[in-house]
Amino acid sequence: MNCLCCGKPLSNDSAVEKTSFWHNSCIKKFFFSKNLPKIDITDEVLEQYANENINNGITVPGVQRKLSLHLTQGDNPRLTLVNYPTVYILKPQVPEYRSLPEAEFLVMQMALRTGIKTVPFALFMMENSSYSYITRRIDRIVPNNTIKANMHAMEDFCQLSGRLSQDKYHGSYEQCSKIISKYSINTGLDLSELFVRIVFSYVAGNSDMHLKNFSLIETAPNSQEYVLSPAYDMLPVNIILPEDENQLALTLNEKKRNIKKKDFLALAENAGILSKSAEKMINKIVTLKETYLKMCSDSYLPDDMKSEFYKLITDRISIIAE
Ligand SMILES: [Zn+2]
């Protein structure tokens with residue numbers, strides 16, 4: 001069994017690791033505590049959560065409601081459900097889509113392996129032995145768990161482009177690059193990072209990278225200097241929801257489907273990225289093909305989803321490798 005946080009093998013001689021399925025070091029890094037917190041959520045709450053998703057007619061896998069958890073430190077740390085935004089966010093299983101937490105964990109891990117900056121994330125084994133996806137917000141620093149202090153301002157690209165939330169699918173990746181050029185103090189680096197994230201999302205079947213899934217974040221509280229925030233909410237939507245034929249959430253070279261390598265190169269040119277650099281970034285992803293397939297086969301996805309994902313990654317990489 002591998003660590004549910006970093007995905008690397010666990011040591012056999014640690015009692016904590018054997019029961020929690022987390023490295024001691026990963027528990028410390030993620031929760032700032034010695035032991036893995038216990039989650040105080042009853043089966044009734046989880047059931048209610050699942051029903052709520054159905055009743056709200058959730059049709060896009062990425063928009064399932066997120067549960068806010070408050071962490072109480074101590075010898076027996078606990079995570080309790082609260083109804084205000086806090087530092088830890090839990091996304092449990094939902095009945096409409098199989099293995100959503102496992103799928104998000106896998107794609108976030110693949111993103112990390114690609115060199116994409118991500119928010120802290122992990123899987124959490126629930127009392128009923130199902131997995132939930134857990135993530136820690138990055139706009140709140142949590143020394144001593146004082147969540148009020150040290151807020152980094154964070155604004156998503158929907159707000160930055162003056163659009164309403166419901167218009168988050170209206171826009172283009174070319175506009176995203178304009179937002180970075182206008183507001184980021186790391187323009188060059190952030191444009192490359194954006195480019196890699198878009199190519200990677202295509203390869204990973206993540207067709208839900210809309211305007212709210214990109215944000216700028218302050219470099220330090222009140223610095224008023226912004227950079228592209230680490231990546232979050234990355235899901236292989238094309239596997240989870242094969243009926244959706246769009247390959248991308250926003251337009252790339254005026255298209256959302258039938259994407260070809262030349263469309264990525266057109267974006268690079270539009271964003272002022274040298275074509276040589278763009279080719280290099282694409283090639284890096286192409287060379288990771290076997291790594292992605294191995295990660296997929298080692299993942300917690302059911303076998304039929306693994307084979308679907310295999311096929312998708314292989315097809316898409318052959319398209320950008322042309
Ligand atoms: Zn670990």
Side-chain angles (χ1 to χ4, degrees), residues 1-41 66-80 86-93 99-145 197 200 204 206 229-236 288 290-302 305-306 309:
M1 178 105 187
N2 290 333
C3 173
L4 292 179
C5 185
C6 69
K8 297 190 180 109
L10 292 165
S11 91
N12 279 327
D13 36 276
S14 157
V16 175
E17 294 188 9
K18 262 197 282 191
T19 49
S20 68
F21 305 114
W22 281 58
H23 286 121
N24 290 320
S25 55
C26 288
I27 294 175
K28 199 151 185 237
K29 228 163 75 185
F30 198 91
F31 293 111
F32 311 99
S33 58
K34 214 172 82 193
N35 295 312
L36 188 73
K38 198 175 154 359
I39 296 192
D40 281 330
I41 296 186
K66 295 159 185 172
L67 302 177
S68 288
L69 297 175
H70 176 75
L71 176 63
T72 312
Q73 293 287 12
D75 284 342
N76 298 304
R78 303 188 89 81
L79 286 161
T80 18
T86 162
V87 179
Y88 293 95
I89 295 165
L90 191 80
K91 299 196 223 174
Q93 300 283 344
S99 307
L100 217 47
E102 293 89 330
E104 185 161 3
F105 180 71
L106 171 60
V107 171
M108 292 293 282
Q109 272 196 317
M110 285 167 59
L112 258 187
R113 188 64 191 73
T114 311
I116 291 169
K117 289 182 290 178
T118 71
V119 296
F121 66 92
L123 282 178
F124 204 97
M125 175 105 61
M126 307 297 281
E127 225 144 61
N128 63 7
S129 295
S130 72
Y131 291 114
S132 288
Y133 177 86
I134 188 164
T135 175
R136 197 178 75 221
R137 288 178 59 150
I138 36 145
D139 54 343
R140 290 150 197 254
I141 306 170
V142 281
N144 310 320
N145 209 25
R197 283 188 205 178
F200 169 74
N206 175 16
S229 86
Y232 50 91
D233 281 1
M234 293 186 131
L235 276 160
L288 283 169
E290 293 307 320
T291 307
Y292 294 148
L293 296 181
K294 169 87 170 56
M295 292 175 87
C296 181
S297 101
D298 291 346
S299 76
Y300 303 103
L301 289 181
M305 280 176 82
K306 279 185 190 173
F309 205 10

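These figures come from a predicted structure and were not determined experimentally. Order of appearance sets the numbers: ligands from 1, and atoms from 1 within every ligand. We use all heavy atoms of the structure for the numbers below, so side chains are in, but hydrogens, waters and symmetry mates are not. Position 1 is the first residue of the sequence; numbering continues from there.
In terms of the side-chain contact (heavy atoms from CB on, under 4.5 Å) criterion, residue partners of S68 (sequence neighbours excluded) are, by chain and number, V82, T86. S297 meets the side-chain hydrogen bond (donor to acceptor under 3.5 Å, both in side chains) test with no other residue; sequence neighbours excluded.
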Under 3.5 Å, which donor-acceptor pairs link side chains of residues 118-134 to any protein atom two or more places apart or in another chain?
from	atom 1	to	atom 2	distance (Å)
E127	OE2	K38	NZ	3.0
N128	OD1	S130	N	3.0
N128	OD1	S130	OG	2.8

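Ordered by chain and number, C3 SG, C6 SG, H23 ND1, C26 SG make up the set of protein N, O or S atoms under 2.8 Å of the Zn ion (ligand 1).
Residue K306 places its NZ atom among more than 12 non-hydrogen atoms of other residues, nucleotides or ligands, all under 6.0 Å distant.
N35 contributes a side-chain N or O that, together with a main-chain N or O of D75, makes up a donor-acceptor pair within less than 3.5 Å.
Rounding to the nearest 0.5 angstrom, the gap separating the NZ atom in K34 from the CG atom in N76 is 10.0 Å.
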